[in-house]
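To keep things clear, I will list the structure first and then write my remarks on it.
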Amino acid sequence: MSKDTIGNLLTYIRNADMNIKRTVRIPYTNISENIVKILLREGFIENMRKHQESTKYFLVLTLRHRRNRKGPDRTVLNLKRISRPGLRIYSNYQGIPRILGGMGVVILSTCQGIMTDREARLKGIGGEILCYIW
């Protein structure tokens, strides 16, 4: 397992969505919990709960699925990792990209915590662009 916890989180969710799994269990970190809270608030997932097995904590996510999805383009979630450990991407609040004209979400890591692009523009702060979700 690699040290890129955000990349692993996005891969777990993407794989579960492609295989039409209802739930997915991911290792708990503070960053992953904050990103999942944003996904929950924006309506990309249905539910999140914290689960403990012996000394390890996990987040159990309930994914939102559409019925009767067919064909190769059947996924609901599109997740793309932007800033990665080998290449960090930063932006000021004016340079934050808009995904699908504002319909998608950009998740940023700022000095005031992890937040969406809309929140960062309202507060007038920039940061590291973690991922795109649409």
Side-chain angles (χ1 to χ4, degrees):
M1 188 161 140
S2 69
K3 297 290 183 184
D4 186 14
T5 58
I6 299 168
N8 289 340
L9 164 73
L10 297 177
T11 302
Y12 286 137
I13 295 172
R14 188 183 307 116
N15 288 343
D17 188 53
M18 284 192 315
N19 291 321
I20 313 176
K21 300 286 185 189
R22 184 75 177 146
T23 61
V24 61
R25 191 179 84 164
I26 59 173
Y28 175 83
T29 61
N30 288 333
I31 294 173
S32 63
E33 182 182 28
N34 290 332
I35 291 173
V36 168
K37 283 181 182 177
I38 289 174
L39 292 175
L40 184 64
R41 190 174 60 227
E42 295 290 328
F44 290 107
I45 60 174
E46 281 185 20
N47 194 10
M48 170 196 76
R49 66 182 170 88
K50 197 172 177 182
H51 179 70
Q52 180 181 5
E53 285 183 10
S54 65
T55 60
K56 294 187 178 185
Y57 285 95
F58 295 95
L59 292 173
V60 179
L61 310 179
T62 306
L63 301 179
R64 185 178 302 273
H65 288 292
R66 257 190 273 149
R67 294 175 189 241
N68 301 327
R69 293 188 296 175
K70 294 182 181 172
D73 203 27
R74 65 175 195 245
T75 61
V76 174
L77 285 175
N78 290 308
L79 306 146
K80 185 175 182 184
R81 178 82 159 113
I82 302 302
S83 183
R84 54 186 210 265
L87 178 65
R88 303 289 187 185
I89 306 294
Y90 296 95
S91 175
N92 60 5
Y93 76 98
Q94 296 158 336
I96 298 172
R98 294 186 189 272
I99 306 303
L100 294 177
M103 297 205 38
V105 177
V106 178
I107 297 180
L108 296 122
S109 176
T110 66
C111 59
Q112 296 182 5
I114 295 177
M115 60 180 66
T116 63
D117 57 335
R118 283 176 237 130
E119 295 168 348
R121 281 192 199 96
L122 285 175
K123 292 183 179 182
I125 55 176
E128 181 182 355
I129 300 174
L130 298 178
C131 60
Y132 297 158
I133 301 166
W134 69 95

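- Counting all heavy atoms, side chain and backbone alike, P97 lies closest to Y132 at CG-OH, 3.2 Å.
- The closest side-chain heavy-atom distance from F44 to V105 is below 4.5 Å.
- Side-chain contact between K50 and Q52 is absent, with no heavy-atom pair separated by less than 4.5 Å.
- L10 contributes atom CG, which lies 6.5 Å from atom CD1 of I133 (distance to the nearest 0.5 angstrom).
- Side chains of L61 and L40 form no contact here, defined as non-hydrogen atoms less than 4.5 Å apart.
- Between E128 and R84, no side-chain nitrogen of the basic residue sits less than 4.0 Å from a carboxylate oxygen of the acidic one, so the salt-bridge criterion is not met.
- A distance of 12.0 Å separates CD1 of I129 from CD1 of I107, quoted to the nearest 0.5 Å.
- Here the CD atom belonging to E119 is positioned 11.5 Å from the CD1 atom belonging to I114, to the nearest 0.5 angstrom.
- Contact record, V24 with A16: CB-CB, 3.8 Å, taken as the closest heavy-atom pair.
- Hydrophobic clustering keeps L77 apart from V60 (ILVMFWY residues linked when any side-chain heavy atoms are closer than 4.5 Å, directly or through intermediates).
- Hydrophobic clustering of Ile, Leu, Val, Met, Phe, Trp and Tyr side chains at less than 4.5 Å, counting indirect connections, keeps L108 apart from L122.
- Residues P27 and Y12 come closest through the heavy atom pair CD-CE1, 3.5 Å.
- Judged by distance alone, with hydrogens and angles left aside, the side-chain atoms of R14 form no donor-acceptor pair with the main-chain N or O of N78 at under 3.5 Å.
- Within the 4.5 Å cutoff, the side chain of E53 has heavy atoms near those of the F58 side chain.
- Residue D17 holds its CG atom at 6.0 Å from CG of L63, rounded to the nearest 0.5 Å.
- L79 is connected to I6 through a chain of hydrophobic side-chain contacts under 4.5 Å among Ile, Leu, Val, Met, Phe, Trp and Tyr, so both are in one cluster.
- I89 CD1 to R81 CZ: the interatomic distance, rounded to the nearest 0.5 Å, is 10.5 Å.
- Side-chain contact annotation: N30 with Y28, donor-acceptor N/O pair under 3.5 Å present.
- When all heavy atoms of R121 and Y93 are compared, the closest pair comes out as CG-O, 3.8 Å.
- In this structure, the side chains of R22 and R64 stay at 4.5 Å or more apart for every pair of heavy atoms.
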What do the steps show when you test Q112 against I125 for side-chain contact (heavy atoms from CB on, under 4.5 Å), and what is the final call?
-> CA-CA 9 Å; Q112 296 182 5; I125 55 176; 3.9 Å; yes

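- Using a 4.0 Å cut-off between a side-chain N of Lys or Arg and a carboxylate O of Asp or Glu, R118 and E42 qualify as a salt bridge.
- A distance of 9.0 Å separates CD1 in I26 from CD1 in I35, rounded to the nearest 0.5 Å.
- Counted within 6.0 Å of CZ on R88, heavy atoms from surrounding residues, nucleotides or ligands total more than 12; the atom is thus considered enclosed.
- Hydrophobic clustering (ILVMFWY, side-chain heavy atoms < 4.5 Å, transitive): Y57 and I45 are in one cluster.
- Counting all heavy atoms, side chain and backbone alike, I38 lies closest to T116 at CG2-CG2, 3.5 Å.
- The backbone N or O of T23 sits nowhere less than 3.5 Å from a side-chain atom of T62 that would complete a donor-acceptor pair.
- V106 is not connected to Y90 by any chain of hydrophobic side-chain contacts under 4.5 Å among Ile, Leu, Val, Met, Phe, Trp and Tyr, and they are in different clusters.
- L59 places a side-chain heavy atom less than 4.5 Å from the side chain of E33.
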